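The model shown is predicted, which means the values in this text are computed figures rather than measured ones. Just so it is clear, the values below take in all heavy atoms, side chains as well, and ignore hydrogens, waters and symmetry mates. Residue numbers start at 1 and run along the sequence shown.
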Amino acid sequence: LLARIFRARGVPADYLDSRLVIKTDGAFGAARVLGGETERLIRRHFEGCGVMQVAAGFIGSTLDGAATTLGRGGSDLSAAVYAAALGAREIDIWTDVDGIMTADPKLVKNAFTIERLSYGEAMELSHFGAKVLHAPTVQPALDKNIPIRIRNTFNRGNGGTLISSAGDGPDAGGMPVKGISSMGNVTLVLVQGTGMVGVAGFSARLFGALSRERISVILYTQASSEYSICFAVMPDDGERAAAAVRAEFEREIASGSLDAPVVERDKAVIAVVGSKMESTAGISGKVFYALGRNGVNVDAIAQGSSEINISLVVAGKDVSKALNSIHEAFFLSGTRSVNLFLVGLGLIGGTLLEQIARQREVLAEEYKIRINIAGVANSKAMIFDSGGVDPARARTLLEGGAPFNLAEFIGVMKAANLPNTAFCDCTASAEVAAGYEEILRASIPVVTPNKKANSGALDYYKRITAHSRDWGIPYLYEVTVCAGLPVISTLRDLHLSGDVVRRIEGVFSGTLSFIFNSFDGSKPFSALVREAKAKGYTEPDPRDDLNAMDAARKALILARECGMPLEFSDVHIDPILPEACFQAKSVEAFFTELEKSDAEFESRRAEAAAAGKALRYVAVVEAGSARLALRAEAEGSPFRSLVDADNIVVIASDRYAKLPMVVKGPGAGAGVTAGAVFADIVRIARTLV
């Protein structure tokens, strides 16, 4: 048919049946080309040939004329065989993609075409799953040093991928890693026992047994102790391989010197390939950091002596996450992405979405940080989209979401298995906080302004902070104390650098700060509480602030950060309001009761003013204790410098004994708090280097 088409267009062409010239062994479906005889026949056919030849690929014949097929990639191999026999200048392979990609584009959406590869790089990539080219095709070209170019039939203007002995060329620079390929659905077989330690010929017996069963080994590795060997095979060969091992080592298994082989299914092999890896330090470290940071466990590792390939085996469910993690680490020019799952769209969470919507293009373009919102939930509904939820439309989209269920939300987040996942809790929910341990154990960082986890049971606080520390999974909760002020990080830095914090004093509640900063006698105390509520400084029920529980939780968090093993019951709270205020049945009834106490509050204020002092509600953490009380502060006290809803923390340590460290600034407000949460999310992205 092709010959007729050429002739119809005026191009002289004859059809050549490849069975006449490509000679193979008798293995139908995977026949091996007999190079010497094939090359002789091809050259003889083309001697004096005056027209273009159109030849079929994929087929050949044995020396006695029986038809055979070359198997997967046989047409490309046929082209390479003809080119090698005829001394062609270049082999062009036309396909439906632009060339060999840096990774499988079906799994890695940011994959792109590799312009140049060496023969070795191409063979490694093709062996481990790069489907555009099959490894046998490269060998004839390599033997005769003929370049191969992969081109796209539907995009003829694209230069494709050039494969040659030069690769990038000596002066072209180039990336140390050229591509990442993967082979899914493989089976891992493990053999171990003392019976192989120091025993000469053990490996020969093992692989001889596999060879007799015609089982091809994709990858294998042996511990330096010689105690264990594992190897990967195709899934259909797993049980046969195990049976072959059991038969070969029947006596050793019976005596207990060798364990019965273990078969592990649903694995994947990932190969990181590049000829310049050999001369570039840190490649392995970067690969395994990217995997470890994303909670991808590596079952086996193999690296050839040429260092052109680092191969590793992971669980099949993790292959997409692993590929994307490694690909981003090497190919995206410093771009760092975070797949964010957000719970809580109240004042803080809603403001956070607005900030992300305004800033994410700037982050992407100027700082190479991409925030992709993969899941959002409020108390009623939840939605998911791995491609990204528009932060500006999230609240509207939630109206059509599924009913919110925390366990299901966490389950979907874990099952999505996206690289660089992070969880953000913008609620005040103890139930959500109780999920942090499960989330951190899934290697997912947590960012939160929710104080319930760190001020709840001491044992839970210790478990989640220890897991974060020991496994390097970020747990960021700076915002739990004093909104955006760097208090927790400052305490941590003092501790890490060997300082000892002796005493912490502070005003930790923006609401209480505003009320007492403004309490100068010009307005009744109850009127100031109403004003704070109107400004949005209090909870809908102001008693949730005036009971000082929020400030007490912050004091407890700081005490624990200083190493004090306190429970919430150990924190002493000096009540601000009379008990009758808390017994009121409604918010308005509360204000009625509060107004009855205006005279008493004014009396305390006037008494303090007469002594040149002002009332402030101050928390003190020292000597294994935490307490909060309304104090009269003299002129010159740092607590007298507060304005509006400022927070302040005064830290006295061994280094800051004579002149304590003071951290002061806004301690309330949706913009400040959400901005600090946003900064922690960006901080997670910056750890992805």
Side-chain angles (χ1 to χ4, degrees), residues 425 427-441 445-483 485-509 512 547-575 617-629 631 647-657 660-661 663 667 680:
D425 171 21
T427 73
S429 165
E431 180 191 6
V432 177
Y436 294 175
E437 184 171 20
E438 178 185 355
I439 294 168
L440 289 167
R441 288 190 179 278
V446 174
V447 175
T448 184
N450 186 347
K451 292 174 278 294
K452 297 298 173 62
N454 287 11
S455 62
L458 177 62
D459 180 64
Y460 185 66
Y461 163 80
K462 286 183 174 180
R463 290 203 310 271
I464 58 178
T465 53
H467 187 83
S468 170
R469 180 182 62 249
D470 295 345
W471 293 93
I473 310 302
Y475 172 41
L476 304 181
Y477 48 88
E478 184 77 71
V479 195
T480 58
V481 178
C482 300
L485 300 184
V487 177
I488 291 174
S489 57
T490 298
L491 286 176
R492 188 173 296 130
D493 289 345
L494 291 175
H495 173 72
L496 291 174
S497 62
D499 200 0
V500 178
V501 175
R502 302 297 180 182
R503 180 182 176 91
I504 299 173
E505 292 185 300
V507 173
F508 300 151
S509 167
L512 296 179
N547 63 11
M549 298 292 281
D550 184 67
R553 290 186 181 279
K554 295 173 182 176
L556 177 60
I557 291 170
L558 294 186
R560 289 176 172 177
E561 289 296 309
C562 293
M564 301 179 192
L566 302 182
E567 296 285 2
F568 189 77
S569 58
D570 298 323
V571 181
H572 176 76
I573 303 172
D574 184 13
Y617 196 75
V618 180
V620 179
V621 176
E622 65 175 345
S625 68
R627 59 189 185 276
L628 297 91
R631 301 191 329 196
N647 278 188
I648 188 171
V649 181
V650 180
I651 302 171
S653 68
D654 287 352
R655 293 181 191 150
Y656 294 89
M661 178 189 296
V663 181
D680 274 346

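- Heavy-atom minimum distance, Asp570 versus Pro565: OD2-O, 4.5 Å.
- Distance CG/Leu558 to OG1/Thr480: 8.0 Å, rounded to 0.5 Å.
- With no hydrogens or angles considered, a side-chain donor-acceptor pair links Tyr475 and Asn454 at under 3.5 Å.
- Side chain of Tyr460 to backbone of Ala434: a donor-acceptor contact under 3.5 angstrom is found.
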Original post:
Stepwise, does the side chain to side chain contact (heavy atoms under 4.5 Å, CB included) test hold for Val618 with Leu628?
Top reply: CA-CA 6 Å; Val618 180; Leu628 297 91; over 6 Å; no
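- For Tyr436 and Thr448, the side-chain atoms include at least one donor-acceptor pair closer than 3.5 Å.
- Distance check: Asp499 CG to Met661 CE gives 8.0 Å after rounding to the nearest 0.5 Å.
- Closest non-hydrogen pair, Val649 versus Cys482, comes out as CG2-SG, 3.7 Å.
- Interatomic distance, OG of Ser509 versus CE of Met549, reported as 13.0 Å (0.5 Å rounding).
- Nearest approach of Val650 to Pro660, heavy atoms of both residues: CG1-CB, 3.6 Å.
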**OP:** Verify side chain to side chain contact (heavy atoms under 4.5 Å, CB included) between Tyr477 and Thr465, making sure each step is shown before the conclusion.
**Re:** CA-CA 10 Å; Tyr477 48 88; Thr465 53; 4.1 Å; yes
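- At a cut-off of 3.5 Å, with distance as the only test, a side-chain donor of Glu561 or Tyr461 sits close to an acceptor on the other residue.
- Side-chain contact of Asp425 with Thr427: a donor-acceptor pair under 3.5 Å is present, judged by distance alone.
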Subject >> Evaluation steps, side chain to side chain contact (heavy atoms under 4.5 Å, CB included), between Ile504 and Val620 >> reply: CA-CA 6 Å; Ile504 299 173; Val620 179; over 6 Å; no
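- A salt bridge does not link Arg502 with Glu622: none of the charged nitrogens is closer than 4.0 Å to a carboxylate oxygen.
- No more than 12 heavy-atom neighbours from other residues, nucleotides or ligands sit within 6.0 angstrom of OH on Tyr656.
- Legend: salt bridge (Lys or Arg N to Asp or Glu O under 4.0 Å) pairs involving residues 447-456, not counting sequence neighbours, sorted by first then second residue: Lys451-Asp550.
- Glu505 contributes atom CD, which lies 11.5 Å from atom CD1 of Ile651 (distance to the nearest 0.5 angstrom).
- Between Tyr617 and Leu512, the shortest heavy-atom contact is CD2-CD1, 3.7 Å.
- A 6.0 Å sphere centred on NE2 of His495 holds no more than 12 heavy atoms belonging to other residues, nucleotides or ligands.
- Geometrically, Arg553 engages Phe568 in a cation-pi contact, judged by NZ or CZ lying under 6.0 Å from the ring centre and within 45° of the ring axis.
- Using modelled atom types, one side-chain atom of Arg560 and one backbone atom of Leu566 make a donor-acceptor pair closer than 3.5 Å.
- Within the 4.5 Å cutoff, the side chain of Leu476 has no heavy atoms near those of the Val446 side chain.
- Side chains of Arg655 and Ser497: a donor on one and an acceptor on the other come within 3.5 Å.
- Between Asp493 atom CG and Ile488 atom CD1 the span is 12.0 Å, to the nearest 0.5 Å.
- The nearest pair of heavy atoms linking Glu478 to Ser489 is OE1-OG, 2.8 Å.
- Of all non-hydrogen atoms in Asn450 and Ser429, the two that sit nearest each other are ND2-O, 2.9 Å.
- For the atom pair CG (Leu458) and CZ (Arg463), the distance works out to 10.5 Å, reported to the nearest 0.5 Å.
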